[in-house]
Participant: 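Mind having a look at this structure? Questions to follow.
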Amino acid sequence: TDPSALDDALSQKCVVAYLGFDATASSLHVGSLLQIMLLRHYQRCGHKPIVLVGGGTTKVGDPSGKDASRQLLTQEKIDENLAGISSVFKKFLTFGEGETDAVMVNNDDWLSSLQYLDFLRDYGRHFTINRMLSFESVKQRLARESPLSFLEFNYMILQAYDFLELSRRHEVELQFGGSDQWGNIINGVELTRRVDGRSVFGVTAPLLTTADGKKMGKTASGAVWLNSDLLSPYDYWQFWRNTADADVGRFLRIFTELDQPTIEQLEQLPGASINEAKVRLADEATRMLHGESCLEEIRVTAASLFSSADKGGGGDTSALPRVQLQEEELGDEGIPVVDLFVRLELGKSKSEVRRLVAGGGARLNGVKIDDPALVLGKDAFEGSAEVKLSSGKKKHGIVQLVS
């Protein structure tokens, strides 16, 4: 909004900006990483970022881009999710008391204390139903004849009020968001002008898709989570290593801090040499999220798996996800291998694992599994305390037998 005036402001002073994240899950995923990187670059350019976690708005649920109402979460679950998503920001931003140091706020601090009639009288009068019905998040739901609850319909008013409240509390002048948030941001810009007479700004970034048109942050196996308790550092590294050739240059620019000449050199690598650029992308992205210490272990594991050509046996598997089995769990009858695939998150369900077996993509120590009813017994661990299960060529996990 008003790019010329925003450019003038950014050139003359430190501008406080915020970006909001609702607590709909216990971790953010890669789809949120563009926004986090936007805050990181913004801070490095001498401005102050504010991270807003939506303890209040999560109770309502953002209808943007959704075909159905979000599941309402309990307060206990929202608090658990807030703790999960909050931890990742400290890895990308510098928090503190300085002029450009980041601050984290929770909109539950002001939304939950609002008096309903007072709020409607003071702020509801600035919104018209005609205008609210014109926003894409509403139009799309109505066009699909999907129910849109009055609760969700209020979300855009609450997000607009967040902007007003942050401009009062923290002198916020700018809101960042994905392109699907444009209508909500405009509401906040207009509400702040009408109520307090202040000029504030909005900037949106496009929702990222991969070269084949798929939504960034999703794979066939599910979301690419940022928290290590939901996705191991090795699997996170592998996600970036599997980037399509056509996406390498773009992702290096967005998700790393390599300089332009280095990126141009990497993206121009010919033929199979482009894999060197993918490894560099994976290294840089993983280092930023999980730290330097895990990279050596990841590299050793990746090289070991590659050199073994998926035939099982020797090689470093320390960075792979693993589950531990007690000997008594095996008993005399053993344990179905499909159960172990699910426990290692190599499949979402037993039926999915059975389809994987039927398609020839499931392996035990590098040997294709032909029988979906295969049972893993103590004999599978003879000579070794662990076995490797594989889903395709790039997803692996370890089952470790402990006494």
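For reference, positions follow the sequence shown, starting with 1.
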Participant: For E329, give me all partners under side-chain hydrogen bond (donor to acceptor under 3.5 Å, both in side chains), at least two apart in sequence or on another chain.
Facilitator: R343

Participant: Tell me the side-chain hydrogen bond (donor to acceptor under 3.5 Å, both in side chains) pairs involving residues 72-82, sequence neighbours left out?
Facilitator: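 For residues 72-82, and leaving out neighbouring residues, the side-chain hydrogen bond (donor to acceptor under 3.5 Å, both in side chains) pairs sorted by first residue read K59-Q75, Q75-D79, K77-E80.
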
Participant: Considering residues at least two apart in sequence or located in another chain, which fulfil the side-chain contact (heavy atoms from CB on, under 4.5 Å) criterion with K139?
Facilitator: E136

Participant: Answer with yes or no whether the side chains of D283 and W240 bring together a donor and an acceptor at under 3.5 Å.
Facilitator: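 There is no such pair (donor and acceptor under 3.5 Å, judged by atom type) between the side chains of W240 and D283.
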
Participant: Pairs in or reaching into residues 171-194: which pass ring pair (Phe, Tyr, Trp, His ring centres under 6.0 Å), with residues at least two apart or in two chains?
Facilitator: Y42-F176

Participant: Taking only Lys NZ, Arg NE, NH1 and NH2, and the carboxylate oxygens of Asp or Glu, determine whether E171 and R198 approach each other closer than 4.0 Å.
Facilitator: yes

Participant: Would you say the side chains of Q181 and Q175 form a donor-acceptor pair under 3.5 Å?
Facilitator: no

Participant: Which residues pass the salt bridge (Lys or Arg N to Asp or Glu O under 4.0 Å) test with D122, sequence neighbours left out?
Facilitator: none

Participant: Within the 3.5 Å criterion, strictly below it, is a donor on T24 or D22 matched to an acceptor on the partner's side chain?
Facilitator: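 No, D22 and T24 have no side-chain donor paired with an acceptor closer than 3.5 Å.
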
Participant: Mind jotting down which residue pairs meet the side-chain hydrogen bond (donor to acceptor under 3.5 Å, both in side chains) criterion with at least one end in residues 124-133? Sequence neighbours excluded, please.
Facilitator: R131-E190

Participant: With a 4.0 Å cut-off, would you call D247 and R250 a salt bridge?
Facilitator: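 Counted as a salt bridge, because a side-chain N and a carboxylate O are separated by less than 4.0 Å.
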
Participant: Which residues pass the salt bridge (Lys or Arg N to Asp or Glu O under 4.0 Å) test with R193, sequence neighbours left out?
Facilitator: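 None.
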
Participant: Within a strict 4.5 Å, meaning less than it, do heavy atoms of the Q260 and E264 side chains meet?
Facilitator: yes

Participant: Applying side-chain hydrogen bond (donor to acceptor under 3.5 Å, both in side chains), name anything that partners K13, two or more places apart in sequence or on another chain.
Facilitator: E173

Participant: Looking at D339 and K350, is any side-chain nitrogen of the basic one under 4.0 Å from a carboxylate oxygen of the acidic one?
Facilitator: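 Salt bridge: yes.
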
Participant: With sequence neighbours left out, what residues match R287 under side-chain contact (heavy atoms from CB on, under 4.5 Å)?
Facilitator: E284, E292, L295, R299

Participant: Report the residues that fulfil salt bridge (Lys or Arg N to Asp or Glu O under 4.0 Å) with R355, sequence neighbours left out, ordered by chain and then residue number.
Facilitator: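 Salt bridge (Lys or Arg N to Asp or Glu O under 4.0 Å) check on R355 returns nothing, list empty.
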
Participant: Could you go through residues 161-168 and list every donor-acceptor pair under 3.5 Å that involves a side-chain atom there, pairing it with any protein atom two or more places apart or in another chain?
Facilitator:
{"from": "Y161", "atom 1": "OH", "to": "E165", "atom 2": "OE1", "distance (Å)": "2.8"}
{"from": "D162", "atom 1": "OD1", "to": "W110", "atom 2": "NE1", "distance (Å)": "2.8"}
{"from": "D162", "atom 1": "OD2", "to": "N107", "atom 2": "ND2", "distance (Å)": "2.9"}
{"from": "E165", "atom 1": "OE2", "to": "R169", "atom 2": "NE", "distance (Å)": "2.8"}
{"from": "E165", "atom 1": "OE2", "to": "R169", "atom 2": "NH2", "distance (Å)": "3.4"}
{"from": "S167", "atom 1": "OG", "to": "L164", "atom 2": "O", "distance (Å)": "2.7"}
{"from": "R168", "atom 1": "NE", "to": "D196", "atom 2": "OD2", "distance (Å)": "2.8"}
{"from": "R168", "atom 1": "NH1", "to": "Y123", "atom 2": "OH", "distance (Å)": "3.3"}
{"from": "R168", "atom 1": "NH2", "to": "D196", "atom 2": "OD1", "distance (Å)": "3.1"}

Participant: Checking K90 now: which residues fulfil salt bridge (Lys or Arg N to Asp or Glu O under 4.0 Å) with it, not counting sequence neighbours?
Facilitator: none

